[in-house]
Amino acid sequence: TPNGIVLSPIQLNKWLVLFCDEINLPDMDKYGTQRVISFLRQMMEHGGFYRNSDQAWVQFERIQFVGACNPPTDPGRKPLTHRFLRHVPVVYVDYPGEVSL
């Protein structure tokens, strides 16, 4: 398109749901950022990204990101940054109690 490259589902009026599991597993780099989380944040905040090969803007249409993670207190998990969390609603589901089981 004249506005760059657009990634969207082929079928009109359909959405693609991209599920990312264990999003708080990537370790932080020496600058204290998680590159994968920063990339997801950029895609949600700006609606796309610049492709490295030719610096073309790649825009998303009708793509929804859904993620899941364990609490940052679990071994190997890292807390998600506030810069990322400001773009996403967080739903916390606790482990079921004895009565529920």
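No hydrogens, no waters, no symmetry mates; every other heavy atom, side chains included, goes into these values.
- Hydrophobic cluster membership differs between F39 and L25, with clusters built from Ile, Leu, Val, Met, Phe, Trp and Tyr side chains linked at under 4.5 angstrom.
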Task: I23 and V36: CA distance, side-chain angles, deciding distance, side chain to side chain contact (heavy atoms under 4.5 Å, CB included) verdict - done: CA-CA 8 Å; I23 60 173; V36 174; over 6 Å; no
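- A distance of 7.0 Å separates CZ in R83 from OG in S38, rounded to the nearest 0.5 Å.
- Relative orientation of the F49 and F60 rings is tilted, given thresholds of 30° and 60° on the angle between their planes.
- Under a cut-off of 6.0 angstrom, the local environment of OH in Y31 is sparse, with at most 12 non-hydrogen atoms contributed by other residues, nucleotides or ligands.
- Distance check: N24 CG to Q34 CD gives 7.5 Å after rounding to the nearest 0.5 Å.
- The hydrophobic cluster containing V58 also contains L18, counting ILVMFWY residues as joined when their side-chain heavy atoms lie under 4.5 angstrom apart, directly or transitively.
- The number of heavy-atom neighbours closer than 6.0 Å to CG of L101, taken from other residues, nucleotides and ligands shown, is above 12.
- Looking at every heavy atom in both residues, F84 comes nearest to M44 through CE1-CE, 3.0 Å.
- Other residues, nucleotides and ligands contribute over 12 non-hydrogen atoms within 6.0 Å of the CG atom of D74.
- Separation of atoms NZ (K78) and SG (C69) is listed at 13.0 Å; rounding is to 0.5 Å.
- Atom NE2 in H87 sits 6.0 Å away from atom CZ in R41 (nearest 0.5 Å).
- Separation of atoms CH2 (W57) and NE2 (H46) is listed at 6.5 Å; rounding is to 0.5 Å.
- In R62, the CZ atom is crowded: over 12 heavy atoms of neighbouring residues, nucleotides or ligands sit closer than 6.0 Å.
- Side-chain contact between E22 and R77 is present, with at least one heavy-atom pair separated by less than 4.5 Å.
- Atoms CZ and OG1, from R86 and T81 in turn, are 8.5 Å apart once rounded to the nearest 0.5 Å.
- Surrounding CZ of R51 are more than 12 heavy atoms belonging to other residues, nucleotides or ligands, all under 6.0 Å away.
- Residues L85 and F65 fall within the same hydrophobic cluster, defined by Ile, Leu, Val, Met, Phe, Trp and Tyr side chains chained together at heavy-atom separations under 4.5 Å.
- When all heavy atoms are compared, the tightest approach of F19 to A68 is CZ-CB, 3.8 Å.
- For the pair M28/T33, no side-chain contact is recorded, criterion being any heavy-atom separation below 4.5 Å from C-beta on.
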Open item on the list: Is there a side chain to side chain contact (heavy atoms under 4.5 Å, CB included) between E61 and L7? Walk through the geometry before answering.
Closed with: CA-CA 6 Å; E61 288 183 0; L7 294 179; over 6 Å; no
